[in-house]
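Here the structure is laid out as structure tokens; the discussion comes afterwards.
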Amino acid sequence: MKKNELPSLEKLCNDTKTALPFALLFRPDQAKQVMELHQKASSMKKQIELFCERFSDRGWCIYDRMKLSVIEEANKVYDEKGIDAAELVLISFYKGEAKEVTHWIKNSDKAFGIRYNLLQHFFEQHFAERYYSSIPLALMIIDGAVNDYTKSKGFFADGTDVDAWDCIVGCSDALAKVRDIFRKNRTKTNTEPIIMPYRNGILHGRDLNYANEYVACKCLALMFAVSDWMRMKNNE
């Protein structure tokens, strides 16, 4: 993660660290609160940095409302068993528990709100594991929503600005990095399974064996990330 990408979190870490030498001057309960806050902020910062470093090349994008427990578990399994096992932690979340918070996407911005019917169809297909239909729907919804939001370009278009200030989804160029992976040209018909939702290959009929949980869950994760990006941009 680049320096000063998350100034609010960085400031919290620095302020609590500065206060630690004076903790003996506080009441015991106050000193404990300062120490716990510093530990939590420092741990969160470290977990975010590790996740971006480890998982963005595999097509996973971190975002502000992503559960910290999922981030921590993915990093823990990565340390113990490696990237392949750690990806299964993320897949399990996006096939299951993520269903409880899909309303975040619709409510993030009117660009998603006006696509509510399509979103409902996507969620139904995704959680029923009908990936041949859910994946193209996800890619179309994301592209169209970003096109409406920016009033110029879709998410996968060259030059679309997906920066955001002082938020997790904007750190380490994670969203832009994932976008560039997913928008790669696919110039040959491919019958081998893929693990990335290559937009051009899927929608243009070149990647034929795309319907699997890796591609599907990365589409849902991307949709959460894009919706959080819109929400954070609106609050800048």
Side-chain angles (χ1 to χ4, degrees), residues 55-63 83-84 87-88 90-91 94-95 98 102 105-106 108-164 169-170 172-230 233:
F55 294 99
S56 59
D57 284 340
R58 287 284 187 117
W60 300 102
C61 187
I62 199 169
Y63 50 92
I83 183 66
D84 293 333
E87 274 202 282
L88 296 179
L90 300 173
I91 287 171
Y94 288 109
K95 288 180 68 175
T102 53
I105 296 171
K106 174 181 74 73
S108 63
D109 188 85
K110 64 181 181 180
F112 277 112
I114 63 173
R115 290 171 169 80
Y116 183 50
N117 287 339
L118 285 177
L119 282 171
Q120 286 181 304
H121 288 301
F122 163 68
F123 296 140
E124 179 184 347
Q125 299 299 309
H126 173 80
F127 291 109
E129 300 185 15
R130 293 191 284 265
Y131 299 140
Y132 273 110
S133 56
S134 71
I135 291 168
L137 262 177
L139 296 172
M140 289 185 287
I141 290 168
I142 292 167
D143 219 16
V146 172
N147 209 323
D148 284 353
Y149 184 81
T150 63
K151 297 180 175 60
S152 61
K153 296 179 178 180
F155 178 76
F156 300 98
D158 185 29
T160 300
D161 183 3
V162 290
D163 289 339
V169 75
S172 294
D173 300 322
L175 191 55
K177 186 175 184 179
V178 168
R179 176 204 61 197
D180 290 344
I181 293 172
F182 295 172
R183 66 185 291 270
K184 285 183 178 179
N185 286 331
R186 309 288 286 176
T187 57
K188 296 181 180 179
T189 297
N190 172 43
T191 59
E192 295 299 316
I194 58 175
I195 63 168
M196 297 286 194
Y198 295 121
R199 184 260 185 195
N200 295 329
I202 294 168
L203 296 186
H204 294 167
R206 306 308 293 273
D207 281 304
L208 307 183
N209 200 351
Y210 66 85
N212 60 68
E213 60 186 8
Y214 286 85
V215 176
C217 291
K218 288 171 186 179
C219 283
L220 180 53
L222 176 61
M223 195 177 289
F224 273 114
V226 169
S227 69
D228 242 19
W229 167 71
M230 290 181 182
K233 287 290 286 185

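All values below come from the heavy atoms of this structure, side chains included, with hydrogens, waters and symmetry mates left out. Remember, predicted model here, so these are calculated numbers, not experimental data.
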Please name all residues satisfying side chain to side chain contact (heavy atoms under 4.5 Å, CB included) with [X], sequence neighbours left out, ordered by chain then number.
| X | result |
| --- | --- |
| Asp109 | Ala111, Tyr149, Met230, Asn234 |
| Asp57 | Lys177 |
| Asn185 | Thr187, Asn200 |

Could you check Ile141, Ile142, Leu139 and say which one makes a side chain to side chain contact (heavy atoms under 4.5 Å, CB included) with Phe155?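 Among Ile141, Ile142, Leu139, the one that satisfies the side chain to side chain contact (heavy atoms under 4.5 Å, CB included) with Phe155 is Ile142.
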Are [X] and [Y] side-chain neighbours, meaning at least one heavy-atom pair lies under 4.5 Å?
| X | Y | answer |
| --- | --- | --- |
| Leu220 | Ile105 | yes |
| Tyr214 | Leu88 | yes |
| Ile62 | Phe55 | no |
| Ile202 | Phe182 | no |
| His126 | Cys217 | yes |

Given the rule in the side-chain contact (heavy atoms from CB on, under 4.5 Å) test, do Arg58 and Asp84 qualify, once you have shown the distances and angles that lead to the verdict? CA-CA 10 Å; Arg58 287 284 187 117; Asp84 293 333; 3.1 Å; yes
Would you compute the distance between atom [atom1] of [X] and atom [atom2] of [Y] and round it to the nearest 0.5 angstrom?
| X | Y | atom1 | atom2 | result |
| --- | --- | --- | --- | --- |
| Met196 | Trp60 | CE | CH2 | 9.5 Å |
| Ile114 | Phe112 | CD1 | CZ | 10.5 Å |
| Leu137 | Leu119 | CG | CG | 9.0 Å |
| Met140 | Phe122 | CE | CZ | 11.0 Å |
| Leu222 | Ile181 | CG | CD1 | 11.0 Å |
| Asn190 | Asn209 | CG | CG | 8.0 Å |

Show me the pairs that pass salt bridge (charged side-chain N to carboxylate O under 4.0 Å, His left out) and involve residues 132-149, at least two apart or across chains.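 Matches after skipping sequence neighbours: Arg115-Asp148, Asp143-Arg199.
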Quick one: salt bridge (charged side-chain N to carboxylate O under 4.0 Å, His left out) pairs with a partner in residues 204-216, sequence neighbours left out?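 Applying salt bridge (charged side-chain N to carboxylate O under 4.0 Å, His left out) to every pair that reaches into residues 204-216, excluding sequence neighbours, yields Lys95-Glu213, Arg186-Asp207.
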Over all atoms of both residues, closest heavy-atom pair of [X] and [Y]:
| X | Y | answer |
| --- | --- | --- |
| Lys153 | Thr150 | O-OG1, 2.8 Å |
| Ala221 | Tyr63 | O-CE2, 4.0 Å |
| Tyr116 | Lys106 | CD1-CD, 2.8 Å |

In terms of ring plane angle, is the pair Tyr94 and Phe224 parallel, tilted or perpendicular, where the classes change at 30° and 60°?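 Correct class here is tilted.
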So does Ile195 get a backbone contact from the side chain of Lys218, meaning a donor-acceptor N/O pair under 3.5 Å?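 Checked: pair present.
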Could you go through residues 129-136 and list every donor-acceptor pair under 3.5 Å that involves a side-chain atom there, pairing it with any protein atom two or more places apart or in another chain?
residue, atom, partner, partner atom, Å
Arg130, NE, Gln125, OE1, 2.9
Ser133, OG, Gln125, OE1, 2.8
Ser133, OG, Arg130, O, 3.1

